[in-house]
Student: 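Structure incoming, see below.
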Amino acid sequence: MTTIRFSAMGTEIVALVPGNVWDEARGELVRLFGEWESRLSRFRPDSELSQLNRSGGTPRHVSPMLLEAVKVAIAGARATDGAFDPTLGAHIAALGYDRSFTEVAPDAPASPAAPRPGGGWRRIWIDGERRLVMLPRGVHLDLGGLAKGMAVDAGLARLAEIGATPALLSAGGDLAASAPPEGQEPWCVAVDGRYGRRLVALAAGAIATSGIARRRWRQGGEERHHLIDPRTGRPAAGDLWSASVAATTCARAEVAATAAFVLGSARGAGFLASRRLPGLLVDRDGTAHRVAGWPAERQAAAA
Amino acid sequence: VTAAKRVALAASLAGFGIWGGLALAHDPRGTATPAATATSPATHADSSSSDDSGFFDDSSGSDSSSGLGAAPAGGAQLSTPSAGAQPQARSGAS
């Protein structure tokens, strides 16, 4: 297996593919992630998503990619009863995260706007046949993590189409893998905890992690992070440091991990168990809870 | 198309989404849409493919029309790695 690395969607893309298809696989992945980023980035004023966000109250014709992303986002919000909320774009921008994270001010000025709950996804209107989407006025989509997850799923499918199997594809830690040939060892994945990493074997499927180890900043002297609780419109203040979830696809894993993080350890564990989604919930003090069949891990050796 | 004709047409159509689509087609600026869709769960998502009930359903297998990618049959397959296995990838907050 050989490794492909490049930057896209504000993070590092890593793929493990058979060596004989490296060139073609890299070309396909760079093109695919480039298209997802150019269409779905909320930091590019000319992206299709930014244009949709500016069109509140008016139906807008969208590409098949954006239409599908909006549909999946709404389905994810419904399936989590709104704990995953794709319509917090204006909220997180008001908290100071209104540009690529490397350009976010480490201590942004306080926002004059009072936080308000999310839930705008309930009022999005879609005509799938005509590929029309209408956002309510003032509601902005932020498809960040979900878009990465969907791009990973699409990338893995593309790799399979060109014969690049088995393969593992990761976008900043959200990953999916195709099954290795029978008799071969499954993929070994290091899952971040609070104070170290735990190894799990992934034969097929996806793992996504939502947490606050990264993308933190200050605003008006207060600590901020990027995982917003739609009930309050403020950074989630629960007891979790991170939530890692395994699912059949990276998009599903991403939605479930975000929802579990927002819900906190007790309700998050109940949510994952009820959906039979294996999860690893790590408290802010570093205590880890295995849920719904998450296997006993091995501790990774210290780096 | 008058409002009365719209109502009659809507009554002849079984699907709320079809009515919403027609309303929008006759009123591309969408002024009729909110009223036509504001009282139903079908407000968003022409609902043809927003399968929220099966969103996490691992038994659904591959479904290229769902937007969720090609899912491996049987769900994600996790286990404890064998002794000596070395990490090939990392999952963490990004």
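As the structure is a prediction and not an experimental result, all values here were calculated from the model. Chain letters run A, B, ... following the sequence lines, proteins first and then strands; every chain starts at 1.
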Student: Could you tell me whether the side chain of L78(B) reaches within less than 4.5 Å of the side chain of V189(A), counting heavy atoms only?
Tutor: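 No, their side chains stay 4.5 Å or more apart.
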Student: Taking all non-hydrogen atoms of both residues into account, name the closest pair between A247(A) and A76(B) and its distance.
Tutor: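 Here A247(A) and A76(B) meet closest at O-CB, 3.2 Å.
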Student: Taking S91(B) as the fixed residue, which of V200(A), L175(A), L280(A), V245(A) is the one that meets the side chain to side chain contact (heavy atoms under 4.5 Å, CB included) rule?
Tutor: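 So the option named by the test is L175(A).
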Student: So which of G172(A), G149(A), A206(A) has the biggest tally of heavy-atom pairs under 4.5 Å with chain B?
Tutor: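 Result: the option with the highest number of such pairs is G172(A).
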Student: Quick one: what part of A256(A) sits under 4.5 Å from any heavy atom of chain B, side chain, backbone, both or neither?
Tutor: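 Both parts, heavy atoms under 4.5 Å.
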Student: Looking at G211(A), A203(A), A171(A), which one has more heavy-atom pairs under 4.5 Å with chain B than the rest?
Tutor: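 Winner by heavy-atom pair count: A203(A).
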Student: I want to check something: taking the side chain as every heavy atom from C-beta on, are F55(B) and V72(A) in contact at a cut-off of under 4.5 Å?
Tutor: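 Side-chain contact under 4.5 Å: yes.
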Student: Partners of R60(A) by side chain to side chain donor-acceptor pair (under 3.5 Å), sequence neighbours excluded?
Tutor: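 R60(A) satisfies side chain to side chain donor-acceptor pair (under 3.5 Å) with Q51(A) only.
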Student: Given a strict heavy-atom distance threshold of 4.5 Å, which part of V191(A) is in contact with chain B: side chain, backbone, both, or neither?
Tutor: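 Both backbone and side chain.
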Student: Could you tell me which portion of L202(A) (side chain, backbone, both or neither) has an atom closer than 4.5 angstrom to a non-hydrogen atom of chain B?
Tutor: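 Both backbone and side chain.
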Student: Using a 4.5 Å cut-off on heavy atoms from C-beta on, say whether the side chain of F56(B) contacts that of T80(A).
Tutor: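 Counting from C-beta outward, T80(A) and F56(B) do come under 4.5 Å.
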Student: Does any heavy atom of chain B fall under 4.5 Å from the side chain of S170(A), the backbone, both, or neither of them?
Tutor: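 For S170(A), the contact with chain B is made by the side chain alone.
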Student: Looking only at non-hydrogen atoms, find the nearest pair between A296(A) and T80(B) and report the distance.
Tutor: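 Smallest interatomic distance, heavy atoms only, reads O-OG1, 2.5 Å.
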Student: Are the side chain of Q88(B) and the backbone of C188(A) linked by a donor-acceptor contact shorter than 3.5 Å?
Tutor: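 Judged by distance alone, yes, a pair lies under 3.5 Å.
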Student: Run the side chain to side chain donor-acceptor pair (under 3.5 Å) test against D192(A) and tell me which residues pass, sequence neighbours left out.
Tutor: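 Listed in chain order: R197(A), R90(B).
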